[in-house]
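Worksheet: one structure, shown below.
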Amino acid sequence: MSFDSLGLAPALLRALADYGYTTPTPIQAAAIPPALEGHDLLAAAQTGTGKTAAFALPLLQKLATSGQTMTRRPRALVLTPTRELAAQVHENLRDYGKHIGVSATTIFGGVSMGPQINVLRRGVDIVIATPGRLIDHLQQRTLDLSAVETLVLDEADRMLDMGFLPALKRRRK
């Protein structure tokens with residue numbers, strides 16, 4: 001099986017080829033086709049098996065083919081438990097999407113909110129965030145999630161283990 005057989009757009013296939021990826025891993029082969037069809041997914045696999053590409057490639061294709069919206073609000077949210085994972089997901093999205101016009105940013109704690117606010121004001125298609133900083137932005141009304149069509153909970157089990165359940169359940173007042 002090759003990535004060609006999964007139904008990915010030529011621009012994504014070109015990016016994969018640029019990085020020497022020709023054959024999908026089992027998690028990618030199982031997840032990408034139903035994700036491209038718009039199905040919800042729950043997937044689990046060992047570290048290093050390509051889970052990020054399994055959700056990132058269909059997400060990028062969906063955003064690239066649905067056309068640009070007239071709003072600057074994000075159309076996808078990827079929630080991760082740590083800033084390190086958020087940065088890694090952002091790097092993967094940038095690499096896989098280098099031939100398409102989809103923009104992304106990370107928002108996480110431990111750094112000033114100012115630059116994050118500036119990027120969000122300019123507008124992005126994808127926000128990759130940690131729960132705490134996401135809530136900070138929502139409370140300060142610097143992030144509007146009303147246009148989000150796709151939500152990815154990356155390492156949801158780890159977020160729960162780390163005690164983020166109350167933060168994930170919290171509603172904006």
Keeping [X] on the side-chain end and [Y] on the backbone end, is there a donor-acceptor pair under 3.5 Å?
X	Y	value
Glu149	Ala76	no
Asp125	Pro74	no
Ser5	Met1	no
Gln116	Phe108	yes
Thr130	Thr82	no
Gln28	Thr25	yes
Gln61	Ala56	no

Could you grab the distance from atom [atom1] of [X] to atom [atom2] of [Y], nearest 0.5 Å is fine?
X	Y	atom1	atom2	answer
Ser103	Arg94	OG	CZ	12.5 Å
Leu143	Leu77	CG	CG	7.5 Å
Ile135	Arg133	CD1	CZ	12.0 Å
Gln139	Leu134	CD	CG	10.0 Å
Asn118	Thr142	CG	OG1	10.5 Å

Contact check, side chains of [X] and [Y], non-hydrogen atoms, under 4.5 Å:
X	Y	value
Phe3	Thr23	no
Leu79	Val152	no
Tyr96	Leu16	yes
Ile128	Thr105	no
Leu57	Leu36	no
Asp154	Phe55	yes
Thr22	Ser2	no
Val78	Leu153	no

Stepwise side chain to side chain contact (heavy atoms under 4.5 Å, CB included) test for Leu8 and Ile32
CA-CA 9 Å; Leu8 292 170; Ile32 290 172; 3.9 Å; yes
Please give the remaining members of the hydrophobic cluster of Met113, linking ILVMFWY side chains under 4.5 Å, ordered by chain and number.
Ile117
Cluster link Tyr19 to Val89, ILVMFWY, side chain under 4.5 Å
yes
With the 4.5 Å side-chain cut-off for hydrophobic clustering, are Val111 and Leu120 part of the same group?
no
Applying side chain to side chain contact (heavy atoms under 4.5 Å, CB included) to Glu155 and Thr80, what does each step give before you reach the verdict?
CA-CA 6 Å; Glu155 296 193 14; Thr80 69; over 6 Å; no
Among Val124, Val127, Asp136, whose side chain to side chain contact (heavy atoms under 4.5 Å, CB included) with Ile107 holds?
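The residue from Val124, Val127, Asp136 that satisfies side chain to side chain contact (heavy atoms under 4.5 Å, CB included) with Ile107 turns out to be Val127.
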Say whether His90 and Thr106, considering side chains only, have a donor N or O and an acceptor N or O under 3.5 Å apart.
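Side-chain D/A pair, His90 to Thr106: absent.
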Between Arg73 and Ser146, is any side-chain donor less than 3.5 angstrom from a side-chain acceptor?
yes
Apply the test side chain to side chain contact (heavy atoms under 4.5 Å, CB included) to residues Val148 and Thr150: give CA-CA distance (whole Å), side-chain angles for both, the deciding distance (0.1 Å), then the verdict.
CA-CA 6 Å; Val148 169; Thr150 303; 5.6 Å; no
Which heavy atom of Pro33 sits nearest to which heavy atom of Leu6, and what is that distance?
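The answer is CG-CD2, 3.9 Å.
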Salt bridge (Lys or Arg N to Asp or Glu O under 4.0 Å) contacts touching residues 28-51 (sequence neighbours left out):
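For residues 28-51: none.
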